[in-house]
There are 2 protein chains.
Amino acid sequence: MTASKSELAYTVIKDKILSGAYSPGYRLVLSTLAGQLGVSVVPVREAIRRLEAESFITFERNVGATVAGIDPTEYLYTMQTLSIIEGAATALSAPLITQPDIDRAREVNARMRACLDDFDPVRFTALNLDFHSVLFESCPNPHILDLVHRGWNRLKALRQSTFTYVPGRARESVAEHEELLRLLESGAPAADVERAARAHRAATLDAYLAHNANDGVPSPY
Amino acid sequence: MTASKSELAYTVIKDKILSGAYSPGYRLVLSTLAGQLGVSVVPVREAIRRLEAESFITFERNVGATVAGIDPTEYLYTMQTLSIIEGAATALSAPLITQPDIDRAREVNARMRACLDDFDPVRFTALNLDFHSVLFESCPNPHILDLVHRGWNRLKALRQSTFTYVPGRARESVAEHEELLRLLESGAPAADVERAARAHRAATLDAYLAHNANDGVPSPY
DNA sequence: TCTACGGTGATCGTATACGATTTCATACTC
DNA sequence: GAGTATGAAATCGTATACGATCACCGTAGA
(Lines give C-alpha, C1' and ligand atoms only; values in the text may rest on other atoms or scores of the structure.)
Protein backbone atom coordinates (compact mmCIF):
# COMPACT_ATOMS: atom_id res chain seq x y z
CA MET A 1 0.00 0.00 0.00
CA THR A 2 2.77 2.42 -0.89
CA ALA A 3 1.51 5.84 -1.93
CA SER A 4 1.88 6.68 -5.59
CA LYS A 5 4.53 9.21 -6.54
CA SER A 6 1.84 11.42 -7.94
CA GLU A 7 0.19 11.43 -4.52
CA LEU A 8 3.51 12.19 -2.90
CA ALA A 9 4.11 15.15 -5.19
CA TYR A 10 0.60 16.41 -4.55
CA THR A 11 1.00 16.28 -0.80
CA VAL A 12 4.43 17.85 -0.70
CA ILE A 13 3.61 20.72 -3.04
CA LYS A 14 0.31 21.42 -1.33
CA ASP A 15 1.96 21.49 2.09
CA LYS A 16 4.61 23.88 0.85
CA ILE A 17 1.94 26.20 -0.47
CA LEU A 18 -0.10 26.07 2.73
CA SER A 19 2.93 26.55 4.94
CA GLY A 20 4.08 29.51 2.91
CA ALA A 21 7.28 27.94 1.61
CA TYR A 22 5.87 28.64 -1.84
CA SER A 23 4.39 32.14 -1.70
CA PRO A 24 1.71 33.45 -4.06
CA GLY A 25 3.23 34.21 -7.43
CA TYR A 26 5.95 31.60 -7.00
CA ARG A 27 6.70 29.90 -10.27
CA LEU A 28 6.41 26.11 -10.24
CA VAL A 29 8.53 24.47 -12.93
CA LEU A 30 7.79 20.82 -13.63
CA SER A 31 11.33 19.65 -14.26
CA THR A 32 12.70 21.50 -11.23
CA LEU A 33 10.06 20.05 -8.93
CA ALA A 34 10.65 16.60 -10.38
CA GLY A 35 14.34 16.90 -9.61
CA GLN A 36 13.72 18.07 -6.05
CA LEU A 37 11.23 15.29 -5.36
CA GLY A 38 13.30 12.61 -7.01
CA VAL A 39 10.58 11.58 -9.45
CA SER A 40 9.93 12.18 -13.12
CA VAL A 41 7.83 14.99 -14.52
CA VAL A 42 4.77 12.86 -15.25
CA PRO A 43 3.52 12.42 -11.66
CA VAL A 44 4.49 16.00 -10.88
CA ARG A 45 2.38 17.18 -13.77
CA GLU A 46 -0.56 15.18 -12.46
CA ALA A 47 -0.17 16.75 -9.02
CA ILE A 48 -0.01 20.21 -10.56
CA ARG A 49 -3.20 19.70 -12.54
CA ARG A 50 -4.93 18.45 -9.42
CA LEU A 51 -3.82 21.45 -7.41
CA GLU A 52 -5.02 23.65 -10.23
CA ALA A 53 -8.48 22.04 -10.07
CA GLU A 54 -8.52 22.87 -6.37
CA SER A 55 -7.55 26.49 -7.04
CA PHE A 56 -4.25 26.32 -5.19
CA ILE A 57 -2.36 27.31 -8.32
CA THR A 58 -3.05 28.73 -11.74
CA PHE A 59 -1.86 26.95 -14.81
CA GLU A 60 -1.44 28.21 -18.33
CA ARG A 61 -0.82 26.01 -21.31
CA ASN A 62 2.77 25.93 -22.53
CA VAL A 63 3.63 28.51 -19.93
CA GLY A 64 3.49 26.87 -16.53
CA ALA A 65 2.12 27.02 -13.04
CA THR A 66 2.24 29.74 -10.43
CA VAL A 67 1.00 29.69 -6.85
CA ALA A 68 -2.38 31.45 -6.73
CA GLY A 69 -2.21 34.98 -5.43
CA ILE A 70 -4.17 36.56 -2.64
CA ASP A 71 -7.07 38.17 -4.42
CA PRO A 72 -9.48 40.11 -2.18
CA THR A 73 -12.33 39.51 -4.61
CA GLU A 74 -11.67 35.80 -4.53
CA TYR A 75 -11.65 35.93 -0.75
CA LEU A 76 -14.99 37.64 -0.85
CA TYR A 77 -16.57 35.09 -3.19
CA THR A 78 -15.26 32.28 -1.03
CA MET A 79 -16.56 33.75 2.20
CA GLN A 80 -19.97 34.47 0.70
CA THR A 81 -20.24 30.93 -0.64
CA LEU A 82 -19.06 29.49 2.66
CA SER A 83 -21.67 31.42 4.59
CA ILE A 84 -24.36 29.74 2.50
CA ILE A 85 -22.84 26.27 2.64
CA GLU A 86 -21.99 26.38 6.35
CA GLY A 87 -25.44 27.71 7.13
CA ALA A 88 -27.02 24.77 5.34
CA ALA A 89 -24.58 22.29 6.83
CA THR A 90 -25.30 23.48 10.36
CA ALA A 91 -29.06 23.43 9.78
CA LEU A 92 -28.95 19.90 8.36
CA SER A 93 -26.81 18.73 11.27
CA ALA A 94 -28.94 20.44 13.92
CA PRO A 95 -31.59 17.74 14.43
CA LEU A 96 -28.90 15.06 14.68
CA ILE A 97 -26.60 16.80 17.13
CA THR A 98 -26.59 15.29 20.63
CA GLN A 99 -25.90 16.91 23.95
CA PRO A 100 -22.42 15.31 24.19
CA ASP A 101 -21.62 16.90 20.80
CA ILE A 102 -22.68 20.27 22.12
CA ASP A 103 -20.63 19.76 25.26
CA ARG A 104 -17.56 18.99 23.19
CA ALA A 105 -18.10 22.06 21.01
CA ARG A 106 -18.54 24.21 24.07
CA GLU A 107 -15.28 22.92 25.45
CA VAL A 108 -13.50 23.88 22.23
CA ASN A 109 -15.09 27.30 22.39
CA ALA A 110 -13.83 27.69 25.95
CA ARG A 111 -10.30 27.06 24.70
CA MET A 112 -10.88 29.71 22.05
CA ARG A 113 -11.99 32.14 24.73
CA ALA A 114 -8.88 31.36 26.74
CA CYS A 115 -6.90 32.26 23.62
CA LEU A 116 -8.31 35.74 23.37
CA ASP A 117 -5.71 37.44 25.53
CA ASP A 118 -2.18 37.25 24.16
CA PHE A 119 -3.82 36.31 20.90
CA ASP A 120 -2.43 33.54 18.69
CA PRO A 121 -4.18 33.70 15.30
CA VAL A 122 -2.89 30.36 14.07
CA ARG A 123 -4.06 28.49 17.15
CA PHE A 124 -7.34 30.38 17.17
CA THR A 125 -8.05 29.53 13.54
CA ALA A 126 -7.28 25.87 14.15
CA LEU A 127 -9.65 25.77 17.13
CA ASN A 128 -12.29 27.53 15.07
CA LEU A 129 -12.15 24.73 12.49
CA ASP A 130 -12.39 22.20 15.34
CA PHE A 131 -15.47 23.91 16.71
CA HIS A 132 -17.38 23.79 13.44
CA SER A 133 -16.09 20.31 12.64
CA VAL A 134 -17.75 19.01 15.78
CA LEU A 135 -21.06 20.46 14.65
CA PHE A 136 -20.66 19.11 11.12
CA GLU A 137 -19.83 15.56 12.17
CA SER A 138 -23.55 14.81 12.12
CA CYS A 139 -24.20 16.32 8.70
CA PRO A 140 -26.19 13.76 6.69
CA ASN A 141 -25.18 15.10 3.28
CA PRO A 142 -21.55 14.34 2.36
CA HIS A 143 -21.65 16.59 -0.71
CA ILE A 144 -22.29 19.61 1.45
CA LEU A 145 -19.52 18.60 3.83
CA ASP A 146 -17.19 18.31 0.87
CA LEU A 147 -18.05 21.84 -0.19
CA VAL A 148 -17.34 23.10 3.32
CA HIS A 149 -13.90 21.52 3.24
CA ARG A 150 -13.20 22.92 -0.22
CA GLY A 151 -14.03 26.37 1.06
CA TRP A 152 -11.80 25.97 4.08
CA ASN A 153 -8.96 24.80 1.86
CA ARG A 154 -9.38 27.78 -0.37
CA LEU A 155 -9.25 30.09 2.62
CA LYS A 156 -6.07 28.39 3.77
CA ALA A 157 -4.62 28.90 0.32
CA LEU A 158 -5.56 32.56 0.40
CA ARG A 159 -4.01 32.68 3.85
CA GLN A 160 -6.54 35.26 4.84
CA SER A 161 -7.21 34.80 8.50
CA THR A 162 -9.63 37.63 9.03
CA PHE A 163 -9.15 37.36 12.77
CA THR A 164 -5.59 38.44 12.20
CA TYR A 165 -6.59 41.64 10.55
CA VAL A 166 -9.77 42.76 12.26
CA PRO A 167 -9.30 43.67 15.91
CA GLY A 168 -12.09 42.47 18.15
CA ARG A 169 -13.62 40.06 15.66
CA ALA A 170 -12.25 37.04 17.49
CA ARG A 171 -14.11 38.00 20.66
CA GLU A 172 -17.34 38.50 18.74
CA SER A 173 -16.86 35.16 17.08
CA VAL A 174 -16.60 33.32 20.39
CA ALA A 175 -19.80 35.01 21.55
CA GLU A 176 -21.60 33.97 18.38
CA HIS A 177 -20.45 30.40 18.89
CA GLU A 178 -22.03 30.38 22.31
CA GLU A 179 -25.24 31.78 20.90
CA LEU A 180 -25.25 29.08 18.22
CA LEU A 181 -24.82 26.37 20.86
CA ARG A 182 -27.74 27.77 22.86
CA LEU A 183 -29.92 27.62 19.75
CA LEU A 184 -28.94 24.02 19.09
CA GLU A 185 -29.49 23.05 22.74
CA SER A 186 -32.97 24.53 22.75
CA GLY A 187 -33.98 22.60 19.65
CA ALA A 188 -34.59 25.77 17.66
CA PRO A 189 -36.12 25.39 14.17
CA ALA A 190 -33.68 24.56 11.42
CA ALA A 191 -34.40 27.88 9.71
CA ASP A 192 -33.24 29.78 12.80
CA VAL A 193 -30.08 27.70 13.08
CA GLU A 194 -29.33 28.27 9.41
CA ARG A 195 -29.82 32.01 9.70
CA ALA A 196 -27.50 32.20 12.72
CA ALA A 197 -24.78 30.05 11.17
CA ARG A 198 -24.90 31.97 7.92
CA ALA A 199 -24.78 35.30 9.74
CA HIS A 200 -21.78 34.08 11.75
CA ARG A 201 -19.65 33.63 8.63
CA ALA A 202 -21.10 36.73 6.99
CA ALA A 203 -20.22 38.84 10.02
CA THR A 204 -16.57 37.88 9.64
CA LEU A 205 -16.69 38.95 6.02
CA ASP A 206 -18.46 42.21 6.89
CA ALA A 207 -15.91 42.97 9.57
CA TYR A 208 -13.14 42.44 7.04
CA LEU A 209 -14.83 44.67 4.47
CA ALA A 210 -15.49 47.43 7.00
CA HIS A 211 -11.94 47.27 8.32
CA ASN A 212 -10.42 47.46 4.85
CA ALA A 213 -12.92 49.91 3.40
CA ASN A 214 -10.16 52.42 2.64
CA ASP A 215 -7.67 49.91 1.33
CA GLY A 216 -9.22 49.57 -2.08
CA VAL A 217 -10.82 46.22 -1.49
CA PRO A 218 -13.48 45.98 -4.17
CA SER A 219 -17.06 45.12 -3.33
CA PRO A 220 -18.78 42.46 -5.39
CA TYR A 221 -22.22 43.93 -4.87
CA MET B 1 -5.03 27.82 -30.45
CA THR B 2 -5.42 24.11 -31.08
CA ALA B 3 -6.93 22.28 -28.15
CA SER B 4 -4.62 19.97 -26.27
CA LYS B 5 -5.10 16.25 -26.76
CA SER B 6 -5.79 15.92 -23.09
CA GLU B 7 -8.65 18.40 -23.48
CA LEU B 8 -9.90 16.50 -26.51
CA ALA B 9 -9.92 13.22 -24.60
CA TYR B 10 -11.71 14.85 -21.69
CA THR B 11 -14.44 16.30 -23.91
CA VAL B 12 -15.01 13.17 -25.95
CA ILE B 13 -15.17 10.83 -22.98
CA LYS B 14 -17.38 13.16 -20.99
CA ASP B 15 -19.78 13.53 -23.92
CA LYS B 16 -19.98 9.79 -24.36
CA ILE B 17 -20.83 9.39 -20.69
CA LEU B 18 -23.47 12.12 -20.78
CA SER B 19 -25.01 10.84 -24.00
CA GLY B 20 -25.18 7.33 -22.63
CA ALA B 21 -22.73 5.78 -25.10
CA TYR B 22 -20.76 4.76 -22.02
CA SER B 23 -23.31 3.48 -19.50
CA PRO B 24 -22.75 3.28 -15.76
CA GLY B 25 -20.47 0.40 -14.93
CA TYR B 26 -18.73 0.58 -18.30
CA ARG B 27 -15.06 -0.17 -17.96
CA LEU B 28 -12.74 2.49 -19.32
CA VAL B 29 -9.33 1.11 -20.31
CA LEU B 30 -6.60 3.64 -20.91
CA SER B 31 -4.86 1.90 -23.79
CA THR B 32 -8.13 1.13 -25.56
CA LEU B 33 -9.35 4.70 -25.28
CA ALA B 34 -5.98 5.97 -26.44
CA GLY B 35 -6.22 3.80 -29.54
CA GLN B 36 -9.75 4.92 -30.32
CA LEU B 37 -8.88 8.59 -29.90
CA GLY B 38 -5.62 8.34 -31.80
CA VAL B 39 -3.52 9.68 -28.95
CA SER B 40 -1.21 8.13 -26.41
CA VAL B 41 -2.21 7.03 -22.96
CA VAL B 42 -0.75 10.03 -21.14
CA PRO B 43 -3.38 12.62 -22.13
CA VAL B 44 -6.11 10.00 -21.74
CA ARG B 45 -4.94 9.33 -18.22
CA GLU B 46 -5.09 13.03 -17.45
CA ALA B 47 -8.65 13.23 -18.78
CA ILE B 48 -9.64 10.22 -16.70
CA ARG B 49 -8.27 11.73 -13.50
CA ARG B 50 -10.10 14.94 -14.22
CA LEU B 51 -13.38 13.12 -14.82
CA GLU B 52 -12.79 11.25 -11.59
CA ALA B 53 -12.39 14.54 -9.71
CA GLU B 54 -15.74 15.60 -11.14
CA SER B 55 -17.39 12.34 -10.06
CA PHE B 56 -18.22 11.15 -13.55
CA ILE B 57 -16.20 8.00 -13.04
CA THR B 58 -14.61 6.05 -10.25
CA PHE B 59 -10.97 5.13 -10.41
CA GLU B 60 -9.02 2.55 -8.51
CA ARG B 61 -5.30 2.29 -8.42
CA ASN B 62 -3.80 -0.41 -10.65
CA VAL B 63 -7.32 -1.52 -11.49
CA GLY B 64 -8.88 1.07 -13.72
CA ALA B 65 -11.81 3.37 -14.27
CA THR B 66 -15.52 2.65 -14.51
CA VAL B 67 -18.37 4.98 -15.34
CA ALA B 68 -20.11 6.00 -12.12
CA GLY B 69 -23.34 4.19 -11.43
CA ILE B 70 -26.80 5.55 -10.84
CA ASP B 71 -27.11 5.67 -7.10
CA PRO B 72 -30.44 6.95 -5.70
CA THR B 73 -28.71 8.19 -2.58
CA GLU B 74 -26.26 10.16 -4.67
CA TYR B 75 -29.18 11.66 -6.58
CA LEU B 76 -30.73 12.71 -3.34
CA TYR B 77 -27.57 14.35 -2.01
CA THR B 78 -27.15 16.20 -5.28
CA MET B 79 -30.71 17.48 -5.38
CA GLN B 80 -30.55 18.61 -1.77
CA THR B 81 -27.31 20.46 -2.36
CA LEU B 82 -28.65 21.99 -5.56
CA SER B 83 -31.73 23.29 -3.80
CA ILE B 84 -29.47 25.20 -1.42
CA ILE B 85 -27.09 26.47 -4.10
CA GLU B 86 -29.79 27.40 -6.59
CA GLY B 87 -31.75 29.15 -3.88
CA ALA B 88 -28.73 31.26 -3.01
CA ALA B 89 -27.86 31.88 -6.66
CA THR B 90 -31.37 33.09 -7.45
CA ALA B 91 -31.47 35.32 -4.39
CA LEU B 92 -28.10 36.87 -5.21
CA SER B 93 -29.17 37.45 -8.81
CA ALA B 94 -32.56 38.87 -7.89
CA PRO B 95 -31.58 42.52 -7.32
CA LEU B 96 -29.63 42.55 -10.59
CA ILE B 97 -32.24 40.98 -12.84
CA THR B 98 -33.84 43.39 -15.30
CA GLN B 99 -37.31 43.31 -16.85
CA PRO B 100 -35.88 42.14 -20.22
CA ASP B 101 -34.29 39.21 -18.40
CA ILE B 102 -37.64 38.33 -16.87
CA ASP B 103 -39.35 38.62 -20.25
CA ARG B 104 -36.85 36.23 -21.77
CA ALA B 105 -37.29 33.76 -18.94
CA ARG B 106 -41.05 33.98 -19.28
CA GLU B 107 -40.74 33.23 -22.96
CA VAL B 108 -38.72 30.11 -22.20
CA ASN B 109 -41.31 29.07 -19.65
CA ALA B 110 -44.02 29.51 -22.28
CA ARG B 111 -42.16 27.08 -24.51
CA MET B 112 -42.00 24.67 -21.57
CA ARG B 113 -45.75 25.00 -21.12
CA ALA B 114 -46.26 24.31 -24.80
CA CYS B 115 -44.24 21.13 -24.27
CA LEU B 116 -46.54 19.74 -21.63
CA ASP B 117 -48.87 17.90 -23.98
CA ASP B 118 -47.20 15.15 -25.95
CA PHE B 119 -44.40 15.44 -23.43
CA ASP B 120 -40.74 15.31 -24.48
CA PRO B 121 -38.58 14.93 -21.35
CA VAL B 122 -35.29 15.67 -23.08
CA ARG B 123 -36.52 18.91 -24.59
CA PHE B 124 -38.28 19.88 -21.38
CA THR B 125 -35.14 19.35 -19.33
CA ALA B 126 -33.09 21.41 -21.77
CA LEU B 127 -35.57 24.26 -21.60
CA ASN B 128 -35.59 24.02 -17.83
CA LEU B 129 -31.84 24.60 -17.77
CA ASP B 130 -32.32 27.54 -20.14
CA PHE B 131 -34.91 29.06 -17.84
CA HIS B 132 -32.70 29.02 -14.79
CA SER B 133 -29.64 30.03 -16.80
CA VAL B 134 -31.37 33.25 -17.75
CA LEU B 135 -31.97 34.03 -14.09
CA PHE B 136 -28.41 33.11 -13.12
CA GLU B 137 -26.73 35.25 -15.79
CA SER B 138 -26.76 38.13 -13.33
CA CYS B 139 -25.29 36.18 -10.44
CA PRO B 140 -22.43 38.24 -8.99
CA ASN B 141 -20.62 35.31 -7.40
CA PRO B 142 -18.90 33.04 -9.93
CA HIS B 143 -18.11 30.39 -7.31
CA ILE B 144 -21.77 29.81 -6.69
CA LEU B 145 -22.49 29.64 -10.40
CA ASP B 146 -19.75 27.06 -10.71
CA LEU B 147 -21.39 24.94 -8.04
CA VAL B 148 -24.71 25.17 -9.87
CA HIS B 149 -23.11 23.88 -13.04
CA ARG B 150 -21.37 21.10 -11.18
CA GLY B 151 -24.70 20.00 -9.79
CA TRP B 152 -26.34 20.08 -13.18
CA ASN B 153 -23.51 18.02 -14.63
CA ARG B 154 -23.85 15.46 -11.92
CA LEU B 155 -27.57 15.17 -12.58
CA LYS B 156 -26.85 14.67 -16.26
CA ALA B 157 -24.40 11.95 -15.35
CA LEU B 158 -27.00 10.30 -13.14
CA ARG B 159 -29.41 10.69 -16.02
CA GLN B 160 -32.21 11.10 -13.54
CA SER B 161 -34.71 13.42 -15.09
CA THR B 162 -37.30 13.41 -12.36
CA PHE B 163 -39.82 14.87 -14.74
CA THR B 164 -39.56 11.63 -16.65
CA TYR B 165 -40.58 9.56 -13.73
CA VAL B 166 -43.07 11.62 -11.80
CA PRO B 167 -46.31 12.26 -13.63
CA GLY B 168 -47.59 15.79 -13.25
CA ARG B 169 -44.40 17.25 -11.84
CA ALA B 170 -43.61 19.05 -15.10
CA ARG B 171 -46.86 20.99 -14.95
CA GLU B 172 -46.23 21.96 -11.33
CA SER B 173 -42.74 23.05 -12.25
CA VAL B 174 -43.97 25.43 -14.95
CA ALA B 175 -46.40 26.97 -12.48
CA GLU B 176 -43.63 27.43 -9.90
CA HIS B 177 -41.51 29.16 -12.53
CA GLU B 178 -44.28 31.66 -13.16
CA GLU B 179 -44.60 32.27 -9.43
CA LEU B 180 -40.87 32.84 -9.19
CA LEU B 181 -40.99 35.36 -12.03
CA ARG B 182 -43.81 37.24 -10.30
CA LEU B 183 -41.72 37.44 -7.13
CA LEU B 184 -38.75 38.81 -9.06
CA GLU B 185 -40.89 41.30 -10.94
CA SER B 186 -42.40 42.64 -7.74
CA GLY B 187 -38.98 43.23 -6.21
CA ALA B 188 -39.66 40.80 -3.39
CA PRO B 189 -37.06 40.56 -0.59
CA ALA B 190 -34.11 38.31 -1.34
CA ALA B 191 -35.12 35.98 1.48
CA ASP B 192 -38.48 35.33 -0.16
CA VAL B 193 -36.86 34.69 -3.53
CA GLU B 194 -34.40 32.30 -1.93
CA ARG B 195 -37.12 30.39 -0.16
CA ALA B 196 -39.15 30.03 -3.35
CA ALA B 197 -36.20 28.95 -5.49
CA ARG B 198 -35.06 26.45 -2.89
CA ALA B 199 -38.55 25.06 -2.53
CA HIS B 200 -38.81 24.68 -6.29
CA ARG B 201 -35.90 22.26 -6.45
CA ALA B 202 -36.90 20.58 -3.19
CA ALA B 203 -40.40 19.96 -4.54
CA THR B 204 -38.95 18.03 -7.46
CA LEU B 205 -36.96 15.90 -5.04
CA ASP B 206 -39.99 15.37 -2.81
CA ALA B 207 -42.10 14.35 -5.77
CA TYR B 208 -39.44 11.84 -6.72
CA LEU B 209 -39.25 10.44 -3.20
CA ALA B 210 -43.02 10.19 -2.86
CA HIS B 211 -43.36 8.54 -6.23
CA ASN B 212 -40.69 5.98 -5.47
CA ALA B 213 -41.60 5.47 -1.83
CA ASN B 214 -42.22 1.76 -2.38
CA ASP B 215 -39.26 1.16 -4.65
CA GLY B 216 -36.70 0.95 -1.89
CA VAL B 217 -35.19 4.39 -2.41
CA PRO B 218 -33.41 5.15 0.82
CA SER B 219 -34.04 8.36 2.68
CA PRO B 220 -31.05 10.33 3.91
CA TYR B 221 -32.97 11.89 6.78
C1' DT C 1 -16.74 -29.83 -2.91
C1' DC C 2 -14.17 -26.31 -1.02
C1' DT C 3 -10.02 -23.71 -0.26
C1' DA C 4 -5.19 -22.33 -0.82
C1' DC C 5 -1.83 -21.40 -4.08
C1' DG C 6 0.65 -19.93 -8.01
C1' DG C 7 1.01 -18.67 -12.84
C1' DT C 8 -0.44 -15.67 -16.57
C1' DG C 9 -2.35 -11.86 -18.78
C1' DA C 10 -4.27 -7.36 -18.42
C1' DT C 11 -3.77 -2.83 -16.88
C1' DC C 12 -1.92 0.85 -14.53
C1' DG C 13 2.37 3.86 -12.95
C1' DT C 14 6.40 6.13 -14.15
C1' DA C 15 10.77 7.16 -16.65
C1' DT C 16 12.78 8.89 -20.59
C1' DA C 17 12.95 11.19 -25.04
C1' DC C 18 11.69 14.47 -28.21
C1' DG C 19 8.71 17.71 -30.58
C1' DA C 20 5.80 22.05 -29.94
C1' DT C 21 5.12 26.38 -28.03
C1' DT C 22 6.22 30.38 -25.57
C1' DT C 23 9.23 33.83 -23.77
C1' DC C 24 12.82 36.99 -23.82
C1' DA C 25 16.79 39.28 -25.39
C1' DT C 26 18.84 41.10 -29.44
C1' DA C 27 19.36 43.18 -33.75
C1' DC C 28 17.32 45.51 -37.37
C1' DT C 29 14.31 48.80 -39.91
C1' DC C 30 11.75 53.00 -40.37
C1' DG D 1 13.71 56.25 -30.53
C1' DA D 2 9.79 53.08 -31.31
C1' DG D 3 8.35 49.22 -33.14
C1' DT D 4 9.13 44.80 -35.25
C1' DA D 5 11.52 40.60 -36.95
C1' DT D 6 14.59 36.88 -35.36
C1' DG D 7 16.89 33.55 -32.91
C1' DA D 8 17.97 30.78 -28.81
C1' DA D 9 16.71 29.13 -24.37
C1' DA D 10 13.23 27.55 -21.33
C1' DT D 11 9.27 24.99 -20.57
C1' DC D 12 5.38 22.41 -21.51
C1' DG D 13 2.86 18.40 -24.27
C1' DT D 14 2.88 13.89 -25.78
C1' DA D 15 4.71 9.39 -27.47
C1' DT D 16 6.94 5.35 -26.36
C1' DA D 17 8.87 1.84 -23.33
C1' DC D 18 9.02 -0.89 -19.50
C1' DG D 19 8.42 -2.13 -14.70
C1' DA D 20 4.86 -2.82 -10.92
C1' DT D 21 0.59 -4.37 -9.40
C1' DC D 22 -3.64 -6.61 -9.56
C1' DA D 23 -7.48 -9.78 -11.14
C1' DC D 24 -8.49 -14.00 -13.00
C1' DC D 25 -8.29 -18.87 -13.50
C1' DG D 26 -6.66 -23.42 -13.37
C1' DT D 27 -4.70 -26.82 -10.27
C1' DA D 28 -3.62 -29.49 -6.19
C1' DG D 29 -4.58 -30.88 -1.72
C1' DA D 30 -7.72 -31.60 2.23
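Chain letters run A, B, ... following the sequence lines, proteins first and then strands; every chain starts at 1.
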Using a heavy-atom cut-off of under 4.0 Å over every strand shown, decide if B/L28 touches base, sugar-phosphate, or nothing.
sugar-phosphate

Results of salt bridge (charged side-chain N to carboxylate O under 4.0 Å, His left out) for A/D146 - residues two or more places apart only
A/R150

Between A/E7 and A/R50, does any side-chain N to carboxylate O distance fall below 4.0 Å?
yes

Steps toward side chain to side chain donor-acceptor pair (under 3.5 Å) verdict (B/H177, B/R106)
CA-CA 8 Å; B/H177 285 178; B/R106 183 165 279 134; over 6 Å; no

To the closest 0.5 Å, what do you measure between CG (A/D101) and CG (A/L184)?
10.0 Å

Protein-nucleotides 13-16 of chain D N/O pairs under 3.5 Å:
| unit_1 | atom_1 | unit_2 | atom_2 | d |
| --- | --- | --- | --- | --- |
| D/dG13 | OP2 | A/R45 | NH1 | 2.0 |
| D/dT14 | OP1 | B/K5 | N | 2.5 |
| D/dA15 | OP1 | B/S40 | N | 3.3 |
| D/dA15 | OP2 | B/S40 | N | 2.5 |
| D/dA15 | OP2 | B/S40 | OG | 2.3 |
| D/dA15 | O5' | B/S40 | OG | 3.4 |

Is any NZ, NE, NH1 or NH2 atom of the basic residue among B/R104 and B/E137 found under 4.0 Å from an Asp or Glu carboxylate oxygen of the other?
yes

